[in-house]
Amino acid sequence: MKRSGTEGFELTARPWLRRLLVSRWPQWSLMAVALAFFAYVVLAGFFGTPVGNRNIAITLVWIAWWAALVLVLVPVGGRLWCSICPIPAPGEWLQRGGLMASDGRRTRGLKRRWPRRLRSLWLQNAGFLALALFSAVILTTPRVTAWVLLGLVLLAVAVSLVFERRAFCRYLCPVGGFIGIYALAAPLALRVRDPDVCRTHPTKDCYRGNAQGFGCPWMTYPGTLDRNADCGLCLECLRTCPLDNVTVVLQPLGADLGPRRGRPPLSIDEAYKGFILLAAALVYGAVMMGPWSALKDAAFQVGSGPWFLYAAGLLLLALLLLPGLYLLAAWIGDRLARRPAGGLRRGFLLAATGLIPLGLGGWIAFSLGFLFANGSYVLSTLSDPLGWGWDLLGTAGLAWRPALTGLVPALQGAALVAGLAWATRLTSRAFAETTESRRAALRRAAPVLLLQAALGAALMGVML
Amino acid sequence: MKWFPRLLLAALLVGVPAAALWSQAARSGADAAQVVTLHARMPEQGGWSLDEIRAEVGQEMRFRLTSDDVVHGFAIARSGMEPISLEPGRWREVRWRPQAPGEYTFYCTRWCGPNHWRMTGTIIVVDPQGIYPTSTAAPPPRFVRYGVDIDSREAIERLTGVRPSAQRGAVPGLAPQGAWLDPKDPDLTTPIEAWNRLRADPALTALDDAALWDLLAYLWTDRLDRDQVRRGLETFQANCAACHGPQGGGDGVMAEAFADPPVASFTDLARMATASTVVLEGKILRGGMGTGMPYWGSILEPAQVDALVQAIWWMALSGEGSQAP
Amino acid sequence: MSLPRAASLTLLALALAALVAPWPFTSPAVGERVVRLTARQFAFDPPQVEVAQGERVVLELTSADVVHGLYLDGYDIELKVDPGQRARASFIADQVGTFRMRCSVTCGPLHPFMIGELKVRPAGGGARILLGASLATLAGLVGLRDDDEALRD
């Protein structure tokens, strides 16, 4: 059983590492660099060449950053990217009244509380889907990418001025939801050493803020934090905690993905995020790596008849078909196990646990294919970021050449196989831990495992 | 320490781009040449970013060229300039010093879709001092001088499918007695007229119609200059084959876009029998009215047109298709 | 290492091998196969081509609209072609599997996604995927016993 508190290897036990994390400088500097690159990318999108693979707005964002995010940052660091993400930076600096303010008792703006009804992933789900419908255009057109990025920053600033803390990151950012649920699979985690210390601590500085830092920008109370999804690794609580009870740990693999006190690890909005992301991985794989040109044209010709069909298909798959299949599998399992405790709703959510490793495996396979095929564009555009004929580093003339094309399918296959095996294990375990008898658990899990295997096979068929 | 974050951020946001801009501006250098920045785009997307460029004779021009979508090419007609390739998002530079006033056509040299040949523009070279000699105006093409209507030619249906072969026609000792070419100008001769003259030739009465066509093919291709044919076939493959087909059969990859009227087939004797060198030359120079045939008069040199016409006759009559002699 | 863990890892390796490893039971074919491909924005026609292992494959590429190229994954072969021209490359299909053919000359917005597939038989396609997915699932189930043992310890 998963409990709150630390498990695994404590990174902050090293004094030098702890100092590095508590200091605002390293994190701030990384964020400043990220913001600068963000600005370069937006400028390049507006003023650079319209040829996507010669413009950093496409190559740095959709090849380099995306690959780094999906292949390294999320699987290892969870929300590590969120801790230096430049999108909320301008808004947060306005909110805090300084580029590197540290006094958490003084904040600006209207400081409204985020509406209770919107405290879920549903807005993020909608935002991600909305972008996904236009992804073929966004991914290939520098100007559109620039507009999207600029739009996100402006939205983040506006939200920061009206609402308290990082409401944008927590409830609106379309990428945030993606990172959040897959962060559940990551070993890097922020936790408290002893939850009892927090329970009896009267001032709750980590949530309210003090002279050393700000109250949790992610509106999460660290004292009961037991999963990665809602912690942005901004490290404010590490700075504010007067009792030295906050730590950064490397936790055992999958520690966030077991049932929590008998309850499924995902809520319904998170499960839907999983469906949407799995559907997106399947569709993107088919559109961008498959040989079906009619599908590509449909995805690109926004506003045309085929595009409406494509959009409808994507929405149908993400919102009805996949959840429907899972519901059906859970229902059959429910019947086979003769109606175990928790009923169909819990069975459905337990089944959804496997979406995390399955989907993450799919996205890793997708990103591997894209990175190794098109990585050389990144090198050439670093020297000529705007496609203006520059040669800053001497690599501008580098020709496009896919790398390691013999090895990539094996890496993709490994990601998909590992994702499916892990999904199988998690799902079986989740059912075993929440069902009365072993036999019933197996019966309850069997249809779900079959469905997972089929979806894993579908991912393999699309990506390999 | 309060100022340091601001400084760092300013350096990153302003300093780095400014430094990059400055370093690259310094690299490209400046000189007295007139700089012309030209973006190539598919004709459907607007073609060249400039349709008309004004220049002064004797004044060097520096063209900075790029493509915004697919691979294009750039050349200035009748300038002696080698065509250069424009890859999307990459920049090329080429310098040119106009030596005589007049209008020059710049054009795309790599196929970029069915409307590729509409991708042209004009450089108007003026001579404000009036010291450079004006190039003498080219004489009007022969089809104008002779008053040949190059748009109304009949097809001779019975010749459909007839494929004469110069090889078969090369029979030793077999030769016409009388003249078979047009007396006014041999280049006005059409194959059908020549054939009719041969048919009437008493020395050739023993030959059947098909053998007579083979003889004509032999006589006709024997008059061609082999080197010109070779050069013409190269020009044809680079500029014409995409529509007219690699063998001249009118079945190029772009032919579908020009179904009405269909792209001319040079291996269809029914049509070619009524053409003459003057007609073919006129078609190339003037372009096809109301068809997809572009206007080459401003692009090709007279010798290139001559080579192309000879290459077309070679494909039509040699029996060896586009195989060079 | 515990027995279930070892078994689970073995199954994982087998699953991967089923998906991507060269097929061991083959009798290479001989002969020549001419594959004619037409490239146009943003597809190869035909989009999927199948050849037998051991065949000498002659790829013949033409383009119907703009300048295109073809890069064949795994075989590191590249062709470039202007519309109306023809480019050729030949190779022996010694590696089994599915290999992507990618356009190698920027040809418009969807250029990075202009992809075709060359299947070198016996690729096993569906059978491989079915076997891979089943073995991966099995690996996950066997791995469970590992947790049980850990709990008992």
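Since we're looking at a predicted model, the values are computed, not measured. Proteins get letters first, then strands, A, B, ... in listed order; numbering begins at 1 in each.
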- For each of C/Gln95, C/Glu78, C/Met114, tally heavy-atom pairs with chain A at distances under 4.5 Å, and name the one with the top tally. C/Glu78
- Distance col, row A/Lys296:NZ vs C/Ile115:CD1, nearest 0.5 angstrom, shows 5.0 Å
- Note on the structure: Rounded to the nearest 0.5 Å, the OG1 atom of C/Thr106 sits from the CG atom of A/Asn53 at a distance of 4.0 Å
- Item | Inter-chain contacts: residues 35-42 of chain C against chain A, heavy atoms under 4.5 Å | C/Phe42
Go through [options] and name the one with the most non-hydrogen pairs under 4.5 angstrom from chain C.
| options | answer |
| --- | --- |
| A/Thr140, A/Asp297, A/Thr405 | A/Thr405 |
| A/Gly369, A/Ala410, A/Gly406, A/Ala418 | A/Ala410 |
| A/Thr424, A/Val51, A/Leu449 | A/Thr424 |

Would you mind checking which part of [X] comes under 4.5 Å of any heavy atom in chain C, side chain (CB onward), backbone (N, CA, C, O), both or neither?
| X | result |
| --- | --- |
| A/Trp400 | side chain |
| A/Val408 | neither |
| A/Arg54 | neither |

- What pairs with A/Trp292 under ring-ring contact (aromatic ring centres under 6.0 Å, His included), at least two apart in sequence or on another chain? none
- Under the side-chain contact (heavy atoms from CB on, under 4.5 Å) rule, what do C/Phe113 and A/Tyr284 come out as? Steps first, then yes or no, please. CA-CA 10 Å; C/Phe113 308 142; A/Tyr284 285 12; over 6 Å; no
- Any side-chain heavy-atom pair from C/Asp76 and A/Arg401 closer than 4.5 angstrom? yes
